[in-house]
Each structure stands twice: as structure tokens, then as C-alpha cells.
Protein chains: 2
Amino acid sequence: MEMNERKKGILKAVINEYILTAEPIGSRTISKKYDLNVSSATIRNEMADLEDLGYLQQPHTSAGRIPSDKGYRFYVDSLIDVEKIPQSFEEMVRKKYLDRKKEVQDIVQVTSRMLSHLTRYTALVASPSSPEYFFQHLQLVPLEGKKVAVIVVISSGIVQHQTVTLQNRPSRQELEYISRLINDRLQGLPLGKIGNEIFRDLEKDLRDRTIFRELYKSLVEFLSDEGISQEWGKIHLDGATNILEQPEFSDLEKVKVFLKLFEQEEMLKQLLNKIPSQGLKVVIGKEVPLEEIRDCSLVVADYSFQDKTVGKMAILGPTRMNYPKVMATVNFMAEGLSKVLREED
Amino acid sequence: MEMNERKKGILKAVINEYILTAEPIGSRTISKKYDLNVSSATIRNEMADLEDLGYLQQPHTSAGRIPSDKGYRFYVDSLIDVEKIPQSFEEMVRKKYLDRKKEVQDIVQVTSRMLSHLTRYTALVASPSSPEYFFQHLQLVPLEGKKVAVIVVISSGIVQHQTVTLQNRPSRQELEYISRLINDRLQGLPLGKIGNEIFRDLEKDLRDRTIFRELYKSLVEFLSDEGISQEWGKIHLDGATNILEQPEFSDLEKVKVFLKLFEQEEMLKQLLNKIPSQGLKVVIGKEVPLEEIRDCSLVVADYSFQDKTVGKMAILGPTRMNYPKVMATVNFMAEGLSKVLREED
DNA sequence: CTTAGCACTCTAACAACCCGAGTGCTAACA
DNA sequence: TGTTAGCACTCGGGTTGTTAGAGTGCTAAG
């Protein structure tokens, strides 16, 4: 026994209906609502076959069928009608992007908000991160007392700053000298290369090394993983509470697990990282690389900057998710974000 | 009929017990667990009186009593034993503060996290905001193409930056000239005063005004409410999911309302602002100035910087909250935060 | 191969019931 | 006059029994 057109039609009908109602679907429902020109008895036989094939399952005898993970997989791979993004969405999105400050973090945040609003599921957007950042410019600004603002400009116009308290109050000249020294030496270097060798190399030219040491240390520290990539890879989450609208989350225990997860950013980061980048990807149920949410699905897409993939975004929802709509939306938003970043450049 | 010592003792016992168990408390429970040297029948009479006085209420006949808002009020004002913060807490908190980067936003975030962990309720911490910030220093750093990083240092060493894309690529000299001009004029001015008069005043001295205009505009924009006070007044929330552990939130609808609220930062800001600053304040049930959470309580404290109140923190939990513990913790953390900010200075 | 018919299964909803915790009242007692 | 033991009464929550309905699988006929 194998898949034929009628079986496909029935499977598609069952899944569509189940996505809508979240209730097990019986043969009569299908025969009434969908014009398949066969009786409910025939559908019954076909559904039994589909169950044998592993595409459907029964919560218990004498209930309708619900799709299995395998069923969803087949649906997503072979049965889905690609949905078109309505004009109104496109305009709404463009508008939202326009009246926003142009900081990358803001853009990412807006993106996650729109994603969750449009889909009514939970949205995750990782802000751009790239191992290929390089150093552009350092600026040291003396503050009150012994404090100095260390401001670093990285490629693509990313600016980061940090306040450092030194042992002694530095003079303006010292700071200028040190910043010139560092700028001359580091300009254009990839961040990964900025380490201790250069430090020793630079130190030779100095009379007073203590200030330099303190500053350089803080510089290295926050150009390293803890500093930059903390910001730039950060996960923006939105619409966490949308899951509460889903009937599969009427169980408080489940909700708890879910929301607890959302409070652990590190987990989410890993989750996204474990999914290979490749355009639009759907991860269904047991395929999800995280124990706690094995009855959910992810629709993931990556976005790019300067022709390189720099980040990912995802929708997280129940396996019974409106895949056509979500896939279209995620795809659209990923392209949109790439475009906005390009224009920013 | 009025309050006497025995009534107070019984009220206190009932509330303590209710805080522990979240179940209506009967007269027998009290007579067994607390050494009041009277029989359950007497307690029964007293409890009836306490109900007449409005301190207790019955969910239904033939159930125990639970405290009313008025009861909690009396308890908090007159019956509470002040709790001592354990040594281990203090050390833990000190440690947490130490191994942290010294950015204000980080400190605030750590504070909210600790608060929610220590109390097991939801913590809100508003980051410091003050109308009394003044301008210290502007730095313009040219980036790629037509982009310029605008970096502003404000009093107390707060640094903010923003990227601006100009119409034309500016020369380094132009930027230096403009920044010197602005720095000379604005240094020491309160942020509120930086507006259009100064703009026109400055403009006179310029040959090419377009670049100046663009930069000044962006400067004003993000020194205004939208910019600075967006960051500095920002609410850090932690432990939202802690409420799920509370039996009063076994109802999904309630949880929904609550979590939705947490997604609206503006609401939370207003909520805190509506509560007058004055050391440690407890807001109970119907006193809470926000419809949706009328069956919750807030314990609010303010913290200071340079002897001025600059922000607030709060614990939000069910009215059946462990007031002694929460009040002690919030008070302790508010003082702790003030101290850390002072040391930072 | 399809379909009508039918017996069978299982759950969700509802009603009836009981149990226990807790109260208020009364009457006796110190 | 305040305290306490005793007792009848109340009410909610849990358990059990029953039923209606939706859905199935199988059989036999078209």
C-alpha cells in the first residue's frame, strides 16, 4: 500500500481541518466539508490506511484522527499551497520600519514584534552577529573623576561603549596618546586577533603603563565574546503570551515549562544555533533539538547583511501550526529585514 | 466592639497561616497550631467579630476565614515582625554586584534578577531617571560613507550613542568644528534646556548649515524624552513566571491578564509612577492603581543617587504575599542598589 | 472498489451522592 | 460575664453511575 492522490487529498484535508479546530477529525467531517466525491466510509478506509502508514494517529479508539509528526512533515514538504502575503501586510511592515530609529537593536526588536503580531505565535529574532567584525575606531572620553568612557566603532558602523574606572585620574593628553596608539595599530583588524601579543607589542612605546593596561584590558574584554557577541546575537523575543491562546496550552504545567524556557536566553540562542541555516526551514515536533518543547514546531529563516548570513529568526508554536501562513510570513520578514539592513548600509 | 490584644493575636495567626497555606483558615487550626490558650470556640467567636470589623472574610459559609484587604493593611501596619536579612543573602548580593560590568543597565538588571530570586515573586526595577541630567560632552565619529556616530556623555558618566546617516559625506574637519561648537555652548546645560533657541543661536556661526542641522536635530531628538528617558526609566522585569507557582494563579485567564500586562512596559512604568515615593511602601489589593491586578499587592521602595531619589523597585505578588520577608528584602535591595550606585560614582 | 448499515467503543458531560471541614448557636460552667 | 463543650446545619469538592454522541471497523450488497 502506498500514497495515492486521494490519500494525499484526505491527509491534506485532515491537517487543514485540524489546524483550524484543534479537535480530532472524523471521516464524516471530511466528507461533508471537502468535495472529495467519496463517502465517509471510503474516507474511513483511507484514513485507516494513512494511520498504518504513520501519517495520522488516533488519540483513542472512537475518536477522530490527528496528524502525526510524520504527517506534518509530509504536509509541509509536499502538500502545502504557498500563501501570498497580503498587500496590507507589506505596507504595514514598510511603515513600521520607516518610523523607527535606525539602531540595529531597534530594528530587530520591531521585527520580532511584527512577526509575533502577524502570526499570533511566539517570535524569536537573533540580532546580527558575525565573526567577521573588525576594529575601526577607538575613542576615549574622560568623565568625572577617574572614569573614562571607552567607545569603540566596529565595522558596519556598530558602536559600543563602556565606562571604566581607573586607578588614577588620567590627563587628556594621556588618553589622546593612548587612543592614537591603539587606533594606529588596531585599525582594520578582525576582532578575534586583538589579544595579548599586540598588547605587549604596544606596551613598549609607553612611559606610564598602568593606565594603558587598564584600558586595554577593558577593551579586550568587551571586544571578546562576553562583550560584543552578548549584544550581537542577543535574542529578541515577542508574543510569549500568544501561546496561551492555543488550546494545547490549556495545561498550566506546559505553560510553565514554556515560559521558564523563555527566561533563559542562553537556551534560546543554542536552540537557534542548532538549526542549520538554509533559507526557510521547518522543524517539527520530535525534530526540535530541545527536550522541553518536543510538541512544538519551529519555522526558521536566516537573514543576511552584505551577502552573508548574520542572523536567524523563528516562529515557535504548537505542531498544529498554520504552516502556510507562518512560512510565508517568516520568509517575508527575513527578506524584509535583510533589505532594511542593506539600505541602512 | 473594638480591637483588643487577643483579636490582634488571632488576626496575625490567621494571616500568617493563610500566607503559608493559601487555604481558608478554621478556628481549630488556629487553636491547635498557635498557643493562644483559648479553645476553638472562643476563637470562633473572635473570628466572627473580626469579620464584622472587616478584617476577615468568608469565601462561603462553612469554610474558614481569609484576610480581607483591610486585614492585610492592619497586619502590615501594626502586626508585622520585621524580618532580618540572613547573612548569606548579604554575601550573595555583594558577590553578584562585584563580578558584574559596571554599566548602570547591567546593575539594574542584576538587581531585578536577585529580587525575584530572593522573593520568588515578580520583580520590577525602574532604571535611574532624573530630570536633572546635564550635558557633558559630544563626540562625533565618522563611520563608513555618510554615517556618523553621535556619542553623548551626560552627567554621572552616562554615555549614549546613535548612528546618523547624513545627506553628504562629512569631512573630519567639519565634524570637529561642529562638535567643538556644540560642546562649548552646551557644556553643563540641563538636558531640558537644549532646544531650538540654542540651535538658531549656534547656526549663525556656520558656513555649511545642512550637516549641522541634521546632526543637531538628531542630538535634540535623542536627548529628549524619547531618547534618554526611554533608556533611563526603563523597567527591568524578572521572575514573571514565578506567579505561576502561586495557587491564586491556577486560573489561566488570570495568568493571561498578568503576562499580557508584563509585555506592556509603558503600563508598568505608569504603575510605578503612580505610587508616591517614600521609603518603603506597601500597596494592597484594591489600593493598586491598576484595574487588572486588583487582587495583587506591591511592595515598593525607591533608591537614590547623589542623595536624590532616582528610581523605584517593586515586588508584585498576590495579596497573600509573605510581607515580612518581601518588605525586608525590597528594603535591603533598595539600600544595596543605592550603595552600589554611590560607589560607582 | 465503493458504500450503506450496524454493532461496538470510548469520552465528555451531567446528576446524584457522600464526606468532611467548618460554622453558629445553645446551654452549662467558672 | 466570659469561656467552652456539644451539636445541628451548611456547603463545596470529590466520587460514582449513567447517558448521549461522535466516531470507528466490519460486513455484505451494489
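Chain identifiers are assigned alphabetically (A, B, ...) following the order of the sequence lines, protein sequences preceding nucleic acid strands; residue numbering begins at 1 within each chain. Since the structure is predicted, the reported quantities are computational estimates derived from the model, not experimental observations.
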Round to a whole Å and report the spacing from [atom1] of [X] to [atom2] of [N].
X	N	atom1	atom2	value
B:I66	C:dT23	CD1	P	13 Å
A:M47	D:dG23	CE	C1'	9 Å
B:H60	C:dT23	NE2	C1'	10 Å
B:E51	C:dG22	CD	P	15 Å
B:Q58	D:dC11	CD	C1'	11 Å
A:R44	D:dA22	CZ	C1'	11 Å
A:Q57	D:dT24	CD	C1'	16 Å
A:E17	D:dG23	CD	C1'	15 Å

From A:S116 OG over to A:I243 CD1, what is the distance, rounded to the nearest 0.5 angstrom?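 One gets 12.5 Å once the value is rounded to the nearest 0.5 Å.
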So, does B:T42 use its side chain to make a donor-acceptor pair with the main chain of B:V38 at under 3.5 Å?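 No, B:T42 side chain to B:V38 backbone: no donor-acceptor pair under 3.5 Å.
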Can you see if the side chain of [X] gets near the phosphate of [N] - specifically, an N or O under 4.0 Å from OP1 or OP2?
X	N	result
A:R6	C:dT2	yes
A:T61	C:dC10	yes
A:S62	D:dT24	no
A:R65	D:dG25	yes

For A:Y55 and A:F74, run ring pair (Phe, Tyr, Trp, His ring centres under 6.0 Å): C-alpha distance rounded to whole Å, both residues' side-chain angles, the deciding distance at 0.1 Å, then the answer. CA-CA 8 Å; A:Y55 295 113; A:F74 189 80; 5.3 Å; yes
Establish, from distance only, whether the side-chain atoms of A:N16 and A:Y34 form a donor-acceptor pair under 3.5 Å.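 A:N16 vs A:Y34: no donor-acceptor pair found between side chains.
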Would you mind telling me which of C:dT9, D:dT4, C:dA4 lies closest to the side-chain atoms of A:A41? C:dA4
What's the closest nucleotide to the side chain of A:A48 if the choices are D:dG25, C:dG24, D:dA5?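 My answer, after comparing the listed nucleotides, is D:dG25.
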Determine the contact category for B:A63: base if any of its heavy atoms lies under 4.0 Å from a base atom, sugar-phosphate if only primed atoms, P, OP1 or OP2 are that close, otherwise nothing.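 Touches sugar-phosphate only.
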For B:S27, which contact category applies under a 4.0 Å heavy-atom criterion: base, sugar-phosphate, or nothing? sugar-phosphate
Given DNA chain D, 5'-ward residue of the pair B:S39 and B:P59, judged by closest heavy atom: B:S39
What is the ring orientation for A:Y323 with A:Y75, classed by angle as parallel under 30°, tilted 30 to 60°, or perpendicular over 60°?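 A:Y323 and A:Y75: perpendicular rings.
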